[in-house]
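Worksheet: the structure to be examined is printed underneath.
Along the sequence shown, residues are numbered consecutively beginning with 1.
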Amino acid sequence: MSPPRLTGALRSFSNVTKKEDIPEDEYDLKARRLKRQRRFAKEGLTWQKIVQFFTQHLDKKDQLTAQQELKSVLQSAKHIVGTDHGQDAIEGAAVFLFETFLGREQLGAEETRAIRHMFGPFPATAAEACLASVLHLVTSAGEVQTEAFVHTQNAGRTSNAAINAFGRNIAFSHDGYTLDCHESPPWLDVPDEDTVALGFQGFLNNHVGGGRGQASGSGAQAGGSGGGRGVTAGDAGACVLRDEVEKYQNAGNMISSSPEELCTSLFEMLASQKSDEELQNELFEFLGADGFEVILTLLQRRSDIVDSLLSMPPEKRVNFVPGDTEGGRPAYGCQVTIQSEQERQMMKMYRREEKRERRRERRGDDGLMEYTDASFSFDPKELRLQREQALLTARRSPVLGRHREPERIRYPHVYDSFAEATKTSAFVGGSKLLLPEGIRRDNCKMYEEVEIPPTEPMPVGFEEKPIYISDLDEIGQLVFKGMKRLNRIQSIVFETAYNTNENLLICAPTGAGKTNIAMLTVLHEIRQHLQPGGVIRKDQFKIVYVAPMKALAAEMTNYFSKRLEPLGISVKELTGDMQLTKGEILRTQMLVTTPEKWDVVTRKSVGDVALSQVVRLLILDEVHLLHEDRGPVLESLVARTLRQVESTQSMIRILGLSATLPNYLDVASFLHVNPYIGLFYFDSRFRPVPLGQSFVGVKATSKVQQLHDMEEVCYENVLKQIRAGHQQKKLNLRRGTGSTARVQSRLMGY
C-alpha cells in the first residue's frame, strides 16, 4: 500500500513512512525459553523443581502416586508451620523438610533438633508422615539420582551467591551531549597552569576535565578513536562524583547547597573507615529516598572515587575544607533562594555568558570574540539590570495575580509537631526529616534494631491552668467525686466541652482521658435541662454513646452508671445481645450502643422516630474507624443526624473521640466542627506515659528463616522486658510466638 499523498513538509513531522524495526530477539521463543531455564537453574532448590524432577523421572503409572506423596509433604509442612502464613512459606518449609529427611529412614534426635530449631515445637505425627512420604518418593526415583539432583541445585545456588555477593550489574549510559553552536569544543578549553583555581569545582574541571581533553586529543591524533571520552580509571572515579551530584541537584534536591559543599560532604563520608552497610544508612539519611540511585553508584565506585582524589600530587590536591563563598562571605546554616522561572532562566544565561567571557580572555582569540559578539551578544550588566527591573515589576504587581503557596492556617488548639516542622525554612529549602537525637542502633548478623527514645513532653503554656474539681458546680463535684483535678488535656478542653454547645473532635493518644471529656459534655447536656429547684427534666433529652465493640459498650455502661448514679441518670446498654423494651428506653436517659444497632434504630420510618427526635448529644468513640470496614455505617449515622438537625431545626451536639489522625481537618469538616473552637489535636508529646519505639528488621531472605528469626527475636525482647518487671500486652504472631514462649519458659525454668 502506497503512503498517503502528504507533502514533504508534513511528512517530516509525522511517522507515516517510518518503518518499525521489530527486534527479533524479543519474539524468539526458543531464546526466551533458554533464558528462563538458565534463570530457573540459578534459584537453587525450590518446590517447583522438586515437583518437576519427580514428574520427569518417573513413569506415568508412578506419577499419580508421587503426586499424592508430594501433597502429603506439603500438608505436613502446613501443619508444622501453621495456617497463618502464605503459600511461599509453606513451600519453603516443604523444601527444608525434604532436604532434612533425604537419606533418613527414621525420625532421629538430629532431625528433631533441626526442625525444632527452625520452626519451634511441632506435631510429631506430621513429621513422621512427611518422613514416610519422602522415603516413598526417594525409593521410586532412586536414592543416588535424587541426592545428585539436590547436590547440583545447592551447588548452583552457592556459586550464584558467590558471584552476586553485592549489588547489581547496572548498565551505565555514556551517550554524548549536544554542544551549543556558539560554544567552542571542550578539548580547546585547556586552561593555563597559572589560572588554575583552588576550589573543588576548579580541581575537577582542570584534572578530570583536563584528562578528558588530553585523552580526546590523543585519540583524535591516532585516528579519531575514543570518541572524546578517553578518561583514565582514576579520573573517571572523580568524574562520577561530580556527575552524580549534578544529576541529584538537577532533580530539585538540596538546591540550597552548592555542588562544592555537597561533593565535599560526600567525599568525607566515602573516605571514612565505615563499612558499606553503615555508609549506606548514613548516605540514605543524608540524601533521602530521592538519592537512592546516587547511593548505589557511589557505593559501587567508592574505591575509584577515593583513590582518584587522593592520588593527585600534593601541590595540586584539593583541601576539603569549607572555604568562603562568593563575595568573601562564609555560608552559615541553610540558605534559601526564592526565584521565579523567568529569573532562573535569566541567571542561567548570565552564568553561561560569564563562562564564555572567561574562555575568550584565556585564549585571547579576538576574531572569534568579534564573530560571537556579532551573532549572539549578551551583556552581563544588561542582564543584571533586566533582573532588577523584573523584581521591581513583581513588587508592583497585584498579590492575588501570582501563584502562591497557600500558607498553613494556625489553629489555636492543634498541637501538631510535624505540621510545624513542615513550615520551617529548612524543610522548604529541601532538608530532610531525620530521626531524633539519642537513637540506638543494634546491628547483628540476624537482625537490625533501631530504638527511638520517648519524646520530650510539651512545655506548659502561660494560658494553661489546671481545673480543680472543687472549683466546679455541685453537679460536677458529685460526678467527679474522688478526683482532685482534671489532667492537662481535659483542662484544655474543659471550657469548650463544659460551657458551650459546639461540636467537638478530640484527637489524643491512648490513655489521655478522652472518656472524662465525654463526661464533661454529658454534664453540660444535663445542666441544660436542670430546673431552678434542682430537678432534672429527664424526659426531654437522650444521650447516645456509640462504642465500636460490644465489650467496650458494656464497659462504658458500667463506668457511666457509677458516675451518674448520684444524679439519678439511668444508663442502659442497647446492642444485639441486650434488647430493651419501649418502656425501658423511655425511662433511660443515656444509651450505650454499637454503630450497627443505632443504624437499625434510626433507619426505621415508624416506631422509633420519637426516640431519635429527643436525642440531644451523640458521642462517637473511635472515629478513626471511618477508614475501616465499618466506616460507611458511621458515615450514615453522622449524615442522618445532620439531616435531622437541618430538617427539624433542633440542636444535636456531636462529639468525636479518636486517636491521632493524619487528616483531622477533613474529619472535623465532616462532623461540622468549627476548627477554631471545637478541634483539639494532641500529638505524642501529650502522652501521660512517654512511649519509646523499637523497630526490628530481620535480614533473612527465605520465608522459613524469616519466621524462625522473627520468633527468636520476639522471644528475646519479651524475656528482656519481663525480667525488667514490665508487662507485655499483645503478641502479633499468636501461634508461633505463643508456642515458642511456652517452650522456652519451660526450658528457662519460669
Side-chain angles (χ1 to χ4, degrees), residues 44 85 88-89 92 117-120 157-158 160-170 244 248 265-306 431-456 684 690-724 726 728 730-733 736-737 740-741 744 748:
H85 310 291
D88 294 339
H117 179 73
M118 180 61 69
F119 305 106
R157 179 176 56 187
T158 305
N160 184 48
I163 295 174
N164 298 329
F166 176 77
R168 292 180 176 273
N169 186 16
I170 302 176
E244 293 300 325
Y248 179 71
S265 302
L266 292 176
F267 175 75
E268 291 176 353
M269 295 181 183
L270 295 175
S272 62
Q273 300 297 329
K274 298 180 180 180
S275 62
D276 287 344
E277 188 173 355
E278 296 175 350
L279 187 60
Q280 180 180 356
N281 296 331
E282 187 174 348
L283 288 174
F284 187 81
E285 293 180 358
F286 180 66
L287 299 177
D290 296 333
F292 187 73
E293 296 181 357
V294 179
I295 295 173
L296 284 178
T297 305
L298 294 181
L299 289 178
Q300 291 177 353
R301 304 292 297 274
R302 179 181 181 182
S303 58
D304 295 341
I305 294 172
V306 176
S431 299
K432 306 297 181 181
L433 293 178
L434 304 178
L435 294 175
E437 296 181 356
I439 64 172
R440 185 182 65 84
R441 290 182 179 272
D442 186 10
N443 194 353
C444 63
K445 184 178 180 181
M446 183 185 300
Y447 64 91
E448 180 180 2
E449 181 178 3
V450 179
E451 182 177 348
I452 302 177
T455 56
E456 295 293 333
S684 59
L691 178 65
Q693 303 178 58
S694 296
F695 298 90
V696 181
V698 179
K699 297 182 178 180
T701 57
S702 173
K703 294 287 184 180
V704 179
Q705 191 65 32
Q706 284 179 359
L707 296 175
H708 173 263
D709 294 347
M710 287 173 62
E711 293 178 358
E712 185 171 349
V713 173
C714 179
Y715 164 73
E716 292 177 356
N717 284 274
V718 170
L719 184 61
K720 185 190 303 182
Q721 297 295 328
I722 292 178
R723 284 178 173 173
H726 303 303
Q728 300 299 312
K730 183 177 181 181
L731 296 174
N732 287 332
L733 298 177
T737 307
T740 303
Q744 296 289 355
M748 298 296 295

* Would you give the length of the straight line joining atom CG of Leu296 to atom CD of Gln280, rounded to the nearest 0.5 angstrom? => 7.5 Å
* Structure fact -> When every non-hydrogen atom of Phe267 is compared with those of Val306, the smallest separation belongs to CE1-CA, 4.1 Å
* To do: Find the distance between CD (Glu244) and CZ (Arg301) and round it off to the nearest 0.5 Å.
  => 9.5 Å
* So do the side chains of Leu283 and Leu266 get within less than 4.5 Å of each other, counting heavy atoms only? -> yes
* Expected output: side-chain Lys445 to main-chain Lys699 donor-acceptor under 3.5 Å -> no
* Looking at CD of Gln705 and CG of Leu707, how far apart are the two atoms once the value is rounded to the nearest 0.5 Å? -> 9.5 Å
* To do: Determine the minimum heavy-atom distance between Pro454 and Pro690, stating which atoms define it.
  => CB-CB, 3.5 Å
* Asked: Shortest non-hydrogen contact from Ser265 to Phe286?
  -> CB-CZ, 4.0 Å
* To do: Verify the neighbour count for atom CD of Glu716: are there more than 12 heavy atoms of other residues, nucleotides or ligands below 6.0 Å?
  => yes
* **For the student: nearest non-hydrogen atoms of Val696 and Val713, plus distance** => CG1-CG1, 3.6 Å
* Asked: Is Pro453 close to Ile439 at the side-chain level, that is, under 4.5 Å between some pair of heavy atoms?
  -> yes
* Structure fact -> Smallest heavy-atom separation, Gln706 atom then Ala700 atom, equals NE2-O, 2.9 Å
* Ion pair check, Arg441 and Glu448, cut-off under 4.0 Å -> yes
* To do: Nearest 0.5 Å please: distance from the CE atom of Met446 over to the CG atom of Asp709.
  => 4.5 Å
* Straight-line distance of Leu287 CG to Glu282 CD, nearest 0.5 Å -> 10.5 Å
* For the atom pair CZ (Arg302) and CE (Met269), what is the distance rounded to the nearest 0.5 Å? -> 11.5 Å
